[in-house]
Asker: 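The structure's right below; bear with me while I get my questions together.
Order of the sequence lines fixes the chain letters, A, B, ..., with proteins taken first and strands second; residue numbering starts at 1 for each chain. Worth saying up front: this structure is predicted, and the values here are computed from it rather than measured.
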There are 2 protein chains.
Amino acid sequence: MRLTRFTDYAMRVLLYLGTRPDRICTIPEMTRAYGISQNHLMKIVHQLGRAGYVTSVRGRNGGIRLARPAAMINVGAVIRHSETQPGAEGLALLDCQTCRIAPACALTGVVDEALAAFFAVLERHTLADLLHGRTGALLDIFAATASEDPLPAATCVPPGFAR
Amino acid sequence: MRLTRFTDYAMRVLLYLGTRPDRICTIPEMTRAYGISQNHLMKIVHQLGRAGYVTSVRGRNGGIRLARPAAMINVGAVIRHSETQPGAEGLALLDCQTCRIAPACALTGVVDEALAAFFAVLERHTLADLLHGRTGALLDIFAATASEDPLPAATCVPPGFAR
DNA sequence: GGAATACATGTATATTGATTACATGATAGG
DNA sequence: CCTATCATGTAATCAATATACATGTATTCC
Ligand code: SF4
Ligand code: SF4
């Protein structure tokens, strides 16, 4: 029972962008701030773009920004979207498809109910809530980490760059 | 975001035993009923024993039975126990240990709250609830599957396979 | 126009955790 | 003693996730 790192990184991106509603941010910049894989982050940002949470601008001086105000971004919706496999109908916590007692099993219903309660809580929160009163602290951390550690060379190398 | 099969199998064992409070059941018997790995089931039963949910009797004519009435077995407690890694403190849905913004991150709290809501629902149910009005149907399924295939290849195939 | 910067996208590899298999020991009945 | 059953530790398999790699496309600036 864990959330994927994909989901967590998606939230981190939103948090990062939320602390800087004024400007456009780049993926390499966030990569440095969090010290995580640039390629992975790129896919996550791409997904967030397709889901309509962020707007990306290509080309020089391009980057990423929130597509809507933080108060319009629902934490539950983001996490649900991010945890849903691209092909699955909903997200099932158990694999009841191959289970012989499925037609007589009451556990499925209970677990679904619990999952609904889980998301009900998440859906009570927006990105703005998460940022409220914390943007200063977050900006401090980003500033500190961005300068302190220039990121392992490997991840900084632009893809396709001869080595 | 999934529950482990370990957890599901644990619940299946309890459901099986719950439909037969009168007699003692064996692991091979349940293996046949569900068509799942006997060794895996054995570990799960062992864990359930250590957690105090079932009582095992060794030796010939041995087997497993519920250690308490089904009404005293809380679904939430079983699942929480089963999902908790042997060594972890609690169960964390995200790996905040290695995250730079942890000190300023509000997401942790929200997710923990949601997880609490998840278990709150589960903890409102007991094994007896799950069995209520379904023991007949379950026994029918067990009887049908147990006789229909006497354990050869079919039951030893991992569930969810496609070959 | 050309170089540089930044996102887009598809494929391959690596890592991790869960699952299953294997091997062996212990206990109890008959 | 022999067999059926649970107990327990280790190893191999497998699948999902995460990361790396390669290349393409768009935009801006000179
Ligand atoms: S929840 Fe019930 S039906 Fe679904 S896999 Fe578990 S036992 Fe089977
Ligand atoms: S929840 Fe917050 S602190 Fe925990 S890993 Fe995600 S971003 Fe970091």
Asker: I want to verify a distance call: between C:dT20, C:dA8, C:dA18, whose nearest atom is closest to the B:T4 side chain?
Answerer: C:dA18
Asker: Of all residues at least two apart in sequence or in a different chain, which pass the side-chain contact (heavy atoms from CB on, under 4.5 Å) check with B:H81?
Answerer: B:Q47, B:A51
Asker: Of A:M42 and A:F6, whose closest DNA chain D nucleotide lies nearer the 5' terminus?
Answerer: A:F6
Asker: Counting only heavy atoms not in B:R23, do more than 12 sit closer than 6.0 Å to its CZ atom?
Answerer: yes
Asker: How far does CD1 of A:I79 sit from OG1 of A:T7, to the nearest 0.5 angstrom?
Answerer: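 If I round to the nearest 0.5 Å, the distance is 6.5 Å.
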Asker: Select base, sugar-phosphate, or nothing to describe what B:G49 touches, counting heavy atoms under 4.0 Å on all strands.
Answerer: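 Since no nucleic acid heavy atom lies under 4.0 Å of B:G49, the category is nothing.
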Asker: Does B:S37 put a side-chain nitrogen or oxygen below 4.0 Å from OP1 or OP2 of C:dA21?
Answerer: yes
Asker: Would you kindly compare B:I27 and B:K43 by the position of their nearest DNA chain D nucleotide and give the one closer to the 5′ end?
Answerer: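 Its nucleotide being nearer the 5' end, the pick is B:I27.
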Asker: Specify the closest pair of heavy atoms between A:T108 and A:C105, including all atoms of both residues, with the distance to one decimal.
Answerer: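 Heavy atoms of A:T108 and A:C105 come nearest at OG1-O, 3.9 Å.
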Asker: Any side-chain N or O of B:R5 less than 4.0 Å from the OP1 or OP2 oxygen of D:dA15?
Answerer: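 So the side-chain polar atoms of B:R5 never come under 4.0 Å of the phosphate oxygens OP1 or OP2 of D:dA15.
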Asker: Reckon A:H46 has a side-chain N or O less than 4.0 Å from the OP1 or OP2 of C:dT9?
Answerer: yes
Asker: Under 4.5 Å between side-chain heavy atoms, chaining through other members, with only Ile, Leu, Val, Met, Phe, Trp and Tyr counted: pull out the rest of the cluster around A:V57, sorted by chain and number.
Answerer: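 A:I24, which link up through side-chain heavy atoms under 4.5 Å apart, make up the rest of the cluster.
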Asker: Tabulate atom names and distances for all N/O pairs under 3.5 angstrom spanning the protein and nucleotides 26-29 of chain D.
Answerer:
residue	atom	partner	partner atom	Å
D:dA26	O4'	A:R58	NH1	2.8
D:dT27	O2	A:R60	N	3.1
D:dT28	O3'	A:N61	ND2	3.3
D:dC29	OP1	A:N61	ND2	3.2

Asker: Using a cut-off of strictly less than 4.0 Å, decide whether B:T26 has a side-chain nitrogen or oxygen near OP1 or OP2 of D:dA4.
Answerer: no
